[in-house]
2 protein chains.
Amino acid sequence: MITMLPNNSTTEHFPIRTVSELTGVNSVTLRAWERRYGLIKPLRTPKGHRLYTQNDIDLIQGILDRLSRGMSIGQIARDILHKTAEDETDFLDAWDKYQQHMINAIAQFDEHSLDAVYNDAMSLYPVDVVTSRLIMPLLEQLGMRWENKTGSIAEEHFFSVYLRNKLGARFHHQNLKNTGPKLIMACLPGEHHEFGALLFALTGLSKGFQVILLGADLPVTELRPVADRTKADGIVLSGSASLQCDQLFDQLNSLCSAVTIPVFVGGDVADTCREQIEKAEAIPLLRDLSGALTIVTSQLKRNAK
Amino acid sequence: MITMLPNNSTTEHFPIRTVSELTGVNSVTLRAWERRYGLIKPLRTPKGHRLYTQNDIDLIQGILDRLSRGMSIGQIARDILHKTAEDETDFLDAWDKYQQHMINAIAQFDEHSLDAVYNDAMSLYPVDVVTSRLIMPLLEQLGMRWENKTGSIAEEHFFSVYLRNKLGARFHHQNLKNTGPKLIMACLPGEHHEFGALLFALTGLSKGFQVILLGADLPVTELRPVADRTKADGIVLSGSASLQCDQLFDQLNSLCSAVTIPVFVGGDVADTCREQIEKAEAIPLLRDLSGALTIVTSQLKRNAK
DNA sequence: AAAAGTTATACATATTTTATACATAATCTT
DNA sequence: AAGATTATGTATAAAATATGTATAACTTTT
């Protein structure tokens with residue numbers, strides 16, 4: 001078997017001069033922070049030279065950010081050491097503004113602006129909030145905008161690529177950390193828009209699940225071997241309303257009798273074909289991502305008994 | 001048992017001066033690296049002269065890559081030694097080994113292992129080397145494996161999602177840093193495998209281009225508005241061999257007459273439909289990514305005059 | 001014989017490390 | 001308000017490391 005550790009041997013380590021250049025913080029100061037507050041504890045070489053990781057650098061950037069906003073270094077240190085959740089002192093309902101900015105950026109194919117807005121939102125709110133407050137409404141808005149405009153397909157592709165990269169990176173990053181139950185997630189055949197599954201996967205990750213993500217348009221017959229090989233704890237499918245309920249029933253039915261683990265179905269079909277889904281002994285999921293995950297969790301527990 | 005190399009005959013060997021010229025590393029320094037850290041252990045002639053392989057040169061490029069990012073040579077050495085000490089099964093070519101590991105990981109839908117191997121390769125070699133030596137052959141290998149096996153579609157989806165996330169994250173990260181000429185990149189209609197475009201985009205980024213990536217299956221009529229709005233410097237399309245050359249000609253022809261910037265076509269079609277591409281006044285690109293980029297660069301220069 | 005390689009030793013310079021000191025501003029005490 | 005204390009960035013010194021390059025004395029290639 002392959003016994004490769006998800007270790008830090010793959011993480012890159014930088015000497016203090018590089019970190020100093022990159023962050024603009026005097027190396028003397030970096031050392032002082034470490035000595036005085038225990039902030040940033042870089043690894044050391046055998047001879048004692050400091051080795052900073054990218055993560056450390058990100059942390060420093062975060063510190064600089066707060067410094068620039070007037071916080072004292074001592075306070076920041078206490079915050080970080082106690083991992084105190086920062087109070088979100090932002091009462092502005094900026095979602096509409098965010099959305100407008102993003103639409104403009106997309107129209108210009110301007111990845112810089114697009115990213116700036118998105119990052120700004122992400123720095124203030126957790127993923128699932130950004131997802132439900134910004135991304136979902138935005139996708140809807142864009143759907144309308146794209147009805148019949150020239151360049152709209154290109155816009156859609158551009159934004160799809162961007163968003164998939166962004167969410168995908170996050171998914172990947174988080175997935176490697178999780179140790180909870182394993183879920184197989186896939187889109188139903190005919191479903192080409194994988195954002196539903198991807199967003200769902202992200203929500204799942206935030207609840208600690210491990211997710212095996214199989215993307216769009218997968219024949220359900222493919223799922224049995226996957227479930228067998230991976231010993232997953234559940235299967236989650238998602239599909240939009242455009243699917244045929246009868247056809248769906250047949251597929252689900254054969255899948256459910258082929259595997260011993262529970263099968264969930266989310267997305268719009270869960271609404272439109274609810275009866276057929278239940279008749280096939282699969283479990284429909286509400287559209288609300290978080291609620292859906294709760295159902296999955298409790299069902300898995302019941303199943304484990 | 002170490003010096004039983006089965007593929008010596010096929011491997012070319014270079015003397016130190018050549019390696020020095022090729023990499024820009026002083027030969028004195030190369031020897032110092034070897035003496036001090038045991039980095040790069042080239043074969044020797046019976047009289048002791050060093051013989052470097054292409055793989056050694058790739059490794060050196062990888063080292064230079066990391067040096068340029070601010071890591072210290074000592075640390076790089078420690079990393080590499082630690083890594084190579086991890087597995088001593090040096091009978092197979094390193095790339096074959098990587099490939100085999102990745103195939104195994106995919107068959108198990110094991111993202112951890114998959115990621116470990118990929119990261120391992122990426123920490124030793126620069127992107128374009130990993131791309132051409134590992135990813136491309138791997139995709140080909142997988143294509144064969146997937147011909148008629150159960151679970152193969154799921155495997156393909158799984159790996160696609162993984163690789164797209166991985167490459168996409170890299171693309172996104174790098175793209176925001178670049179300031180060079182702007183290229184619009186897209187797949188031709190009917191082309192659903194966007195890896196070609198994505199890999200090409202990554203190579204482009206490594207040469208400093210900014211890339212507007214539009215993904216798979218885009219109608220060519222969409223490209224005019226994009227070119228207008230973004231003031232891009234060139235358009236690069238990619239497609240596999242399965243496209244109809246005549247149809248391609250019509251599309252290219254109308255595109256080329258609609259825009260003032262050069263239009264390039266890469267991927268297998270560049271080979272199979274070369275005539276039609278040239279007749280449409282587009283520019284076919286060789287399959288080799290790096291070479292293709294060179295053509296793009298020189299063409300843009302000519303166009304700028 | 002000239003050019004290029006090899007090892008081994010020696011430098012020169014740049015970086016790092018720890019520890020101590022200092023300067024200035026903010027905060028607290030009396 | 002004056003003085004003491006704390007907070008925080010920076011400076012400096014002395015020793016240890018890190019790292020590219022040079023040189024000497026031979027050997028091998030061309």
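Note that the structure is predicted; figures quoted are calculated from it, not measured. Protein chains get the first letters and strands the later ones, always in sequence-line order, with residue 1 at the start of each.
B/Q75 and B/D79 share a donor-acceptor pair across their side chains, judged by distance under 3.5 Å alone. Side chain to side chain, B/Q54 and B/D58 meet the donor-acceptor criterion of an N or O pair below 3.5 Å.
Between B/R17 and B/R36, the residue anchored nearer the 5' end of DNA chain C, judged by the nucleotide with its closest heavy atom, is B/R17. Nearest-nucleotide positions on DNA chain D for A/Y37 and B/T29 put A/Y37 closer to the 5' end.
Note that CG of B/L43 is 12.0 Å distant from CZ of B/R50, once rounded to the nearest 0.5 Å. To the nearest 0.5 Å, atoms OG1 (B/T294) and CD (B/Q299) are separated by 13.0 Å.
For A/H172 and B/Y162, the gap between ring centers is short of 6.0 Å.
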Practice item. Could you give me the CA-CA distance, side-chain angles and deciding distance for A/S113 and A/D110, then say whether side-chain hydrogen bond (donor to acceptor under 3.5 Å, both in side chains) is met? Key: CA-CA 6 Å; A/S113 306; A/D110 182 348; 2.6 Å; yes

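A heavy atom lying under 4.0 Å from DNA chain D marks the following residues of residues 69-78 of chain B, by number: B/S72, B/I73, B/G74.
Taking only side-chain atoms of A/V28, from C-beta outward, the nucleotide of D/dT21, D/dA11, C/dT16 with the closest atom is D/dA11. With D/dT28, C/dT7, C/dT17 as the choices, the nucleotide that has an atom nearest any side-chain atom of B/H49 turns out to be D/dT28.
Listed pair B/N26 / D/dT21 meets the phosphate criterion, a side-chain N or O lying under 4.0 Å from OP1 or OP2.
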